Each structure stands twice: as C-alpha cells, then as structure tokens.
Amino acid sequence: MEYNFREIERKWQQRWTAEKAYRVKTDPDKPKFYVLDMFPYPSGAGLHVGHPLGYIASDIYSRYKRLKGFNVLHPMGYDAFGLPAEQYAIQTGQHPAVTTENNIARYREQLDKIGFSFDWDREVRTCDPAYYRWTQWAFIQMFRHYYDNATGKAEPIEKLETRFAERGTEGLDAACTVPMDFTADEWKAMDGKERENVLQNYRLAFRADTLVNWCPGLGTVLANDEVKDGLSVRGGFPVEQKRMKQWLLRVTAYAQRLLDGLDKLQWSESLKEIQRNWIGRSEGAQVFFGLKGHAEKLEIFTTRPDTIFGATFMVLAPEHELVPQLTTPEYRKAVEAYLEETKKRSERERIAETKRVSGQFTGAYAVNPFNGAEIPIYISDYVLAGYGTGAIMAVPAHDSRDYAFAKHFSLPIIPVVEGGDLEKESYDAKEGKLINSDFITGLDVKEAIRVMFAEVEKQGLGKKQINYRLRDAIFSRQRYWGEPFPVYYKDDIPHTLNEDKLPLELPDMQDFGPTETGEPPLARAANWKTQEGYPYELSTMPGFAGSSAYYLRYMDPHNDRELVSKEANAYWRSVDLYVGGIEHATGHLMYSRFWNKFLYDLGYVCEDEPFKKLVNQGMIQGRSNFVYRIKGTDTFVSAGLKDGYDTQEIHVDVNLVRNDVLDLEGFRKWRPEFAGAEFVLEDGKYVCGWAVEKMSKSMYNVVNPDDIVENYGADTLRMYEMFLGPLEQAKPWDTNGIDGVHKFLRKVWRLFVDKAGDVAVTDEPPTERELKTLHRTIKKVSEDIENFSFNTSVSAFMICVNELTEYGTRKRGILEPLTILLSPFAPHIAEELWEMLGHRDTVLNAAFPQYNPEYLVESTVEYPVSFNGKMRFKIALPATADAGAAEAAVLADPAAAKYLDGKTPKKVIVVPGKIINIVV
RNA sequence: GCCCGGAUGGUGGAAUAGGUAGACACGCAGGACUUAAAAUCCUGUGGGCAGUGAUGUCCGUACGGGUUCGAUUCCCGUUCCGGGUACCA
C-alpha cells in the first residue's frame, strides 16, 4: 500500500464536510481563540500559490490551538463588492453579480482542495443584502453621532442639538469640518436646511464640499489610500484634485485614539510605523502674524517656534483665502498668472516636479510678532492648502524647502541655531544652541521650543496645537457595484432611512456601466426613490465599507436583529490572531479600527481594538523561466551555452519546466510557433534561465495550487509553502524542492506501513533513544508554532522522521503522538494514520502532546576546550535546570573534573541546557 | 530626501541574552537495486593548500574598523538590495 494522497485527501475532505467537523459554537466551558484571515476578493483569475500562504499558516495555528483545548473560531468569507469586481464585470460584459458568484464558486473549490478547517456555516459575503444591511446600519449610526472631545467618544447628535438650543457653540469641543461660532438664539433662528448644514459639520458620516481625488478613468472619487503617486491603485489611472460634494467619514476625530491604540497591539513594528506615519501627528504652535496695513492677522502653524527670529518671509498656499485681499495692485497680474499656472498643473506634475522651485511675491508684508520685523509674503504651491493653516513662516536657515526657495528668490537667510554650513544647505536638525534670537539666545533647541510654546500662549499670539496628516475618508463612489447609501433627500436635505427599512437593496440593473453625463449609474435605475417619492442617494459605498466590520459578523452571522449579539460578542470579543498582507496598512486596517472604536463608543462591542495580534505574510513572487532562441532561427540553446550565441530571451511557461530543465515535447506543443523547435543541449538537457518577477500571466510564471495538489497532494502543498522560508518574508515561489517535502510525507507513511503494504505498528514500549527523538520534536514544533516559525518546524519533523527511520521504529508509543503533532501541518495524512492506529474518532479530538523535560537531557559532556585559563563544556542538562543545578552538574561531571585537574573554579558561568564557561 | 528592514555555500534557508557557522531541504557527484528507465536507498558536497589515506591546516556570514579570551550575533563607518513615505511646515 503506497501513500495514495489523492484518495486519502478526498476521503477526509468529504468526511470533514459531511460531519461539519469544524463547526464551532460558543462554549463557556472552553477558552476561546479567534483566528482570522483577511477574506479574499474573488477576482476572475482564481487563486495562485501566493494566496493560500497566509491561510495555511493560520490554519496550522487554528488546528494547533484546537488541540490545545481552545474553542477556535476560524471563519472565511468573501469581500465581493467594489471596484475590481465591477471592472472585471465591465471587461467581460457580464453582470457583476454573475461574475462574483462564479468567482466565489471557483475560489471555494480551490480552497476546499487545500484542506482548511474553516467553519463554512459562518461564511459572509459583503454583497449579500443580509450582510450589507449591517454596513448600512453602521453608516446610519455614524450619521446620527458626532465626536465630543470633552467626553472623548461619539455622542448622539440630539445631544448636540440640545446644546445648541441652550448655549450655541459656547464651550463646545467637538470634531468638526470647520470651526463654528454661533449663539443659542442664532441656532433657534435657523431653518431646517440651515440647521442641517450646521449638523453636517459635526456628524461622523457627513457630506462636504471638499477637494477630493477624482479619477476620470474610473469615473469615481477615491480615498487617499486608494491613490499612490497621483495614480489610482486599481488600474493605474491618473487622479486629479477636484472640489466636489461627497460623503465622508470623520476618521480624523479618532486620530489620537488610533495612534494611542497601536501601543497595545502585537503588530510588527514596521506596520505600526506605517500607521503612525499615516496618522502623522505633529505637535506645534499656531501663531498669528500681523499684516502691514491690514487689521486681520495671518495664522500659521509651525513645529519650530524656536526659529521664529529666523523667519525672513511668509508663504501662503495659492488657494489661501487671504491671497486676493493681500495682493497689492502692482503685483495683481503676476499673482493671477501664477495662480493660473498652478491650477493647470496636474497633481501628478506637481508631485513629479517637487524639486522645481516656483512662487510669486504678493507685494504684502507680515509683521513678526516677536521683533516687529516686516517680512515679505509669497505664494507658492510647496505650501499645501489642506495641511495646517495653509500658511507658513519660512525659516530658510533651518528648513530645506524654505532654503531652496530663499536661494531661488535671493531672500535673506538668518541662522538662529548653531551648526551646519549654510553656504551649502539648511541646518534642519533639532539640536544645537540658539543664536540671534533675543531672549532665547543661548538655549538648547528643545528647551527653546518649550519656552516659545509658553511665550506664544502668554502673549496671546496663538496656542499650542496638534495637527494630523490623516484625512477624513471619502466615502462615496460613483459606481454601481457597492452598498447603496440608506439615504434619501427631501428638499436637498439628506435623511437616513429608518432601521426597519434595511437593507436598502441594490437594484438589479443590466446597464450598470458609467453614465455619459458623469452621474453615478444608479441615476439610470427606475424608481430609485422612497415610497413617498423622495430620491435616494445615487453613489454607493467604497470597497472598505464592507470589510470594516466583517470580523464582528462572523461571531454571529445569522442574526437578523443585530450586527452581533451581546452574548456572542462578549464570548468571542476580538480577533486574537489576524493574518494578512501588509498592503492593507493604511486602508482596511485603519478603517476597521476606526469602525470598531465607533461601535465601541456606542456600546455595541466590548473591545476597542479589533485585532490583537497581526501577522503579515510576505508576498510570494513569481519565478520566471527563460529559453534562449538563436536570433533568426528556430533553434534554442541551453542556458549554460547561450553566451556563445546571439540569442533572444523568451519567457517560457514555468509549468513546462521542472528543476529548471525544460520539457522539450511539452514546449513544442505549447505554441504552434515552437512546433518545429530544435535544441542545443548541455549534458543531454535543456536548462532554462530564471529570474524573480511579479507573478503574472504575461510572465508565464503563475503556479496554480490545484496543479500542485493534483501532483503532490494538499499536505505536500501545505508543508512546502511553510518550508519555503520565514512566513513574513517575501520570497519567490520555486517548485524546485517540493520533492523533498513530498518525500518526507512518504517516509512518514512508511513508518506505519511495511514493504508488504501492511500496517505494522507494534505495542512494544519505546526505548529511551526513541523517546528523546520524540520529545525533542514535540518541544521544537510547539515552540515554533507559537513563534510562527513554521519553516523550522517542518525541518524538525524531517529530522525526527529520519531518526525514527534509522531506528526502524514502528511503535505506537512514538507514532501516536507524532501523528497528532503532524496534524496541523498535514491534516489528511494525519487523520488516515490516526485511523490506522485503530482510532475511530478524528485526530481533532486528541490532545496536543506535552514534552517531558527528562527526555531532553543530553548524555555526556560533548567537548572540552581549554584556553587562557578558561574552559568551555557543552553539558548534559534538562531544559528546566536552573543555574544552580547546572553548576552542580558541571562540577559533578567526571570529564569536567578531569579538566579542572583538582583546581577549584573561580567562576562558573552557566546557561541552562547550553554552554558553560569555567574560569579557573 | 526621510523612516524602517535586510545582506550567511551552486539554491531556499538554519544557528543571534556572543560560545562547534552552514541544521533541514534542493541541486550536483559517486554508488546500490534494475535488462533499462523511473522510483527508492546509501555516501560525499563552503573554499584554498598539504597528504595515497584517516587527517591536518589556513581562509570564510556584503565591505572597512572597534569591543571581547571568543563576533554571523554588540558598537562605529561604507556599499548594495527591499519596503514605507514624501514639498505635512
């Protein structure tokens, strides 16, 4: 009986499905553990071998935790709404509902072959009305709440209305779009529309007329994380800044909490750093500068108030509201020309030309509040309207951008901090002593900053202020394939639907493409209005809406009264382990945390952070293969000989190549143009060249997991993906070497089955040597799983099986625990072997074996080395031995005694289980 | 530009509270079995030099320094590679 992985895997997959072996229920008697994968976007291309990497790792961990006695929630679903699904649908001319359904079916088929322990009864799909009613519900809650900085949480909007009626905005500290100031009487005098406009300024889901990322290629606006280098992340279309009225989520209200929360999370430092940078907290001072000949003041933001004596000019963003007012008649023409020029430059050009210095003097002067100096006011597009106040004091001596500007316009450069060489460049470092700075001269920079913060407030020139780079999330998309907003308009005032009207279902439209007028596709939907005839919102929600709370829905997926019941949420709480790609750092992982914190404020969830521990699996890159055609011929030359010819490098399908050796017949059949190919071989083989590239169809380097499963089995695929290297590291997929893992599983099989094909397990008691091998493996494997070091645990298995094979071990006492140990990695073969051992229950019901430290004792001193009066011994110690016990063991060891030669050691340095230094 | 990682045989990678560098696997070479091939198994495999040989010896963890009895590991500097971010004041 050979290791027939096809039959074994089919058998157990069917049995797990039939028995619903991985179904999980809340169980107060067991500790819970929630393991989550980032659910996939069901694209048309299907899964390649890179996709399951994280799923395999989380599946191993889930199975391990189950064996350790935890009640493990390990669900899976589909992120099925959004741009890529819609783009794919438009390209193929099919309805997105149809393509999505097909793609999901294909994904499911592929996933099932790999033997995951998902509880499929909990599957969610973001495009399912029963699911997205809770996305709409959350939106309504955000619409009905505002963020009160005084209480530090979201509060009902009614509370704000009551406050306005009683006191107006007096004493209000709430997150808002623009600061407002009105009295109770003024509020009472407002009509419904005016009041709503005020409330929109505070609601957590709100409409605003702001600069947005408009992508003409996709016909929609995009959030900041969906744009990179001026291009859309999806599709790579140019994106421009445009003023439009859009729905937004007031994510910035939570900026500080999103930042603080990171400290509690077990995420990689690099991921936390990305989020910290994205939030971009900067502590500085708001300072008002006087304006020569004007009553108004000019408000600026600076993180370096200590350098205020070195400010030699001011710069305003071209869009700054004071520009028209400040510009003097003689400069009006030049200023208008500059404004015209900057308007024409696209966002992309502006980014590409960041080194180019441009700007225009306005003719106006500001007055430095500390020394009365009159300094010229410029406009320039290196100052952004959207950050701080859109105006800066320029200190060319200590800011590189100001420096470049000053050099270009020959403006004075006054050093106020010692250090650096101002002939060459500015001195930006926050260290050194202040000079030329009146009362702060001689202070250290850090001290000077502190003094100036205090001084600015004392003199009433401004106050300390914290700015964030984080922007509110643009939440509407002018597309079809997304959640409809539960919003209708009455006299142009937005109203949310009553919760009992949810879900508001997406109308089934055959013509779902972009409209010619630029309106969203829903504009074409018949009867897209309430029963009373009020029109619904035409935009739909963005891709991240559906993925922001899916982890909560898995806790209680069939509840039609709540997103998640209090009981289910109190039991499962939050995700203990989240595995997924780092590309979601500034998107999904930010929005989910925001969404969760909001629901936490409202008391719907009991944890304020959704994902306790997060592991980023590295991307699997493609490994392409090449053949070398001699130019102008049909002859292909092997890689080792190609230097002797003038050749052309051609990508060849990696599935025609094994261990870099080309399947010649397969190649001839691959494409008609190669049917007559001739080959120049080396050592009778055609060796291909290779390179690491992105995995893509055009490089012919896509490896489909189905093919691997077909040829080697799911267990081999699972173990090989883990063996490939550290989980978090990016690495190329390389099928070379998969034989080694497959060979390992066959060796495991042969421990149970003899040459004649019979199960040959004995009940003989194991020897000490066999037990040592087993317990060492148990220790190594369990520690490695806890540390996510799956590649080294696979190695540990290989060493173990090599040793057992050498001993000829077929003993139940060894093989039984080994089977359990192996089951998280290779569950199918483990189940089969478990059954062979005579167990009728599944290996799942077993307990993970514990190692016994007694069997980890090494037998003798391995080697003594003597130098300079010190000796080193590797000695035999239980892993649990403390320093005292280890020292005693050394002194008692006859070999050590021999080398000590009767002398008393001065000092014994002991590392239990490891190395001992003896200083004689 | 700034921030964060990383660099170990022909290849993927082990080993870092400093202590036998190269586990495990691939590949390669040789051998066994076989009419043959595949599969399987065994042996060898960082490099140089010396030796018939067991073996000995020197050099080796990107490069240059430093600390230490001892450095892949710690410190300083340099080069290259990967990722994030970018007129954010």
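Worth knowing before you read on, the calculation uses all heavy atoms, side chains too, and leaves out hydrogens, waters and symmetry mates. For clarity, every value in this text was computed on a predicted model and none was experimentally measured. Residue numbers start from 1 in every chain, and the chains themselves are labelled A, B, ... in the order their sequence lines are given, proteins ahead of strands.
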Given RNA chain B, 5'-ward residue of the pair A:Trp278 and A:Asp402, judged by closest heavy atom
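Closest to the 5' end, via its nearest nucleotide, is A:Trp278.
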
If you find the nucleotide of RNA chain B closest to A:Gly280 and the one closest to A:Thr805, which residue's nucleotide is nearer the 5' end?
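Closest to the 5' end, via its nearest nucleotide, is A:Thr805.
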
Tell me every residue that passes salt bridge (charged side-chain N to carboxylate O under 4.0 Å, His left out) with A:Asp663, counting only those two or more places apart in sequence or in another chain.
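Not a single residue meets the salt bridge (charged side-chain N to carboxylate O under 4.0 Å, His left out) criterion with A:Asp663.
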
Residues in salt bridge (charged side-chain N to carboxylate O under 4.0 Å, His left out) contact with A:Lys743, at least two apart in sequence or another chain:
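So A:Lys743 forms no salt bridge (charged side-chain N to carboxylate O under 4.0 Å, His left out) with any residue.
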
Heavy atoms only, 4.0 Å cut-off, all strands: where does [X] land among base, sugar-phosphate and nothing?
X	result
A:Asn467	nothing
A:Arg276	nothing
A:Lys747	sugar-phosphate
A:Asn802	sugar-phosphate

Pairwise [atom1] distance, [M] and [N] [rounded to whole Å]:
N	M	atom1	value
B:G9	B:A23	P	13 Å
B:A25	B:A17	C1'	30 Å
B:G70	B:G6	P	26 Å
B:G60	B:G1	P	33 Å
B:G84	B:A29	C1'	46 Å
B:G47	B:U61	C1'	14 Å
B:U20	B:U79	P	33 Å
B:U73	B:U16	P	14 Å

Expressed in angstrom and rounded to an integer, what is the separation of [X] atom [atom1] from [N] atom [atom2]?
X	N	atom1	atom2	result
A:Tyr720	B:C24	OH	P	17 Å
A:Ile379	B:C87	CD1	C1'	16 Å
A:Phe453	B:A89	CZ	C1'	12 Å
A:Asn787	B:U16	CG	P	11 Å
A:Arg776	B:A23	CZ	C1'	12 Å
A:Ile377	B:A89	CD1	P	21 Å
A:Glu783	B:A14	CD	P	16 Å
A:Trp733	B:C26	CH2	P	15 Å

Can you tell which of [options] lies closest to the side chain of [X]?
X	options	answer
A:Leu384	B:A89, B:U85, B:A23	B:A89
A:Arg746	B:C87, B:A14, B:A39	B:A39
A:Val383	B:G84, B:G13, B:A89	B:A89
A:Ser282	B:A25, B:A86, B:A89	B:A89
A:Ile799	B:C87, B:A23, B:A14	B:A23

Report the residues that fulfil side chain to side chain contact (heavy atoms under 4.5 Å, CB included) with A:Asn616, sequence neighbours left out, ordered by chain and then residue number.
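Applying side chain to side chain contact (heavy atoms under 4.5 Å, CB included) to A:Asn616 gives A:Ser268, A:Leu271, A:Ile582, A:Leu614.
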
List for me each residue that meets side chain to side chain contact (heavy atoms under 4.5 Å, CB included) alongside A:Asn791, sequence neighbours excluded, and say none if there are none.
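Applying side chain to side chain contact (heavy atoms under 4.5 Å, CB included) to A:Asn791 gives A:Pro726, A:Ser789.
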
Each stem that RNA chain B is part of, given as range with range (3 or more consecutive Watson-Crick or G-U pairs, under 3.5 Å)
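Stem list for RNA chain B: B:1-7 with B:79-85, B:10-12 with B:24-26, B:27-32 with B:40-45, B:46-50 with B:55-59, B:62-66 with B:74-78.
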
Output field: ring centroids A:Trp733/A:Tyr720 closer than 6.0 Å:
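Aromatic pair counts; centres sit under 6.0 Å.
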
Which residues pass the side chain to side chain donor-acceptor pair (under 3.5 Å) test with A:Tyr403, sequence neighbours left out?
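With sequence neighbours excluded, A:Tyr403 shows a side chain to side chain donor-acceptor pair (under 3.5 Å) to no residue whatsoever.
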
Not counting sequence neighbours, which residues clear side chain to side chain donor-acceptor pair (under 3.5 Å) with A:Ser426? List them please.
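Only A:Asp428 meet the side chain to side chain donor-acceptor pair (under 3.5 Å) criterion with A:Ser426.
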
If you take all heavy atoms of A:Lys430 and A:Ile449, which pair is closest and at what distance?
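It is CD-CD1, 4.4 Å.
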
Can you give me the closest heavy-atom contact between A:Tyr338 and A:Ser358, atom names plus distance?
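Nearest pair, atom of A:Tyr338 first, then A:Ser358: OH-OG, 2.7 Å.
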
Contact list for [range], test salt bridge (charged side-chain N to carboxylate O under 4.0 Å, His left out), sequence neighbours left out:
range	value
residues 791-810 of chain A	A:Arg776-A:Glu803
residues 724-735 of chain A	A:Arg623-A:Asp734
residues 301-314 of chain A	A:Arg304-A:Asp306

Look at [X] and [N] and indicate whether a side-chain polar atom (N or O) is within less than 4.0 Å of OP1 or OP2.
X	N	value
A:Thr792	B:G13	no
A:Arg750	B:C41	yes
A:Asn791	B:C24	no
A:Tyr382	B:A89	no

List, with names and distances, any nitrogen or oxygen atoms from the protein found under 3.5 Å away from nitrogen or oxygen atoms belonging to nucleotides 4-12 of chain B.
from	atom 1	to	atom 2	distance (Å)
B:G12	O2'	A:Leu724	O	2.7

Syn or anti for B:G9 (syn when the glycosidic angle lies within 90° of 0):
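Syn, since the glycosidic angle lies within 90° of 0.
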
Nucleic acid contacts of residues 735-743 of chain A, taken as heavy-atom distances under 4.0 Å to RNA chain B
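Under 4.0 Å from RNA chain B: A:Asn736, A:Gly737, A:Gly740, A:Lys743.
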
Check this for me: A:Glu321, atom CD, are more than 12 non-hydrogen atoms of other residues, nucleotides or ligands nearer than 6.0 Å?
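No, the 6.0 Å shell around CD holds no more than 12 heavy atoms from other groups.
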
Over-ring placement of A:Arg593 relative to A:Trp267, 6.0 Å and 45° cut-offs:
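The answer is yes, since A:Arg593 meets both limits relative to A:Trp267.
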
Ion pair check, A:Arg746 and A:Asp739, cut-off under 4.0 Å
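No, no charged N to carboxylate O under 4.0 Å.
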
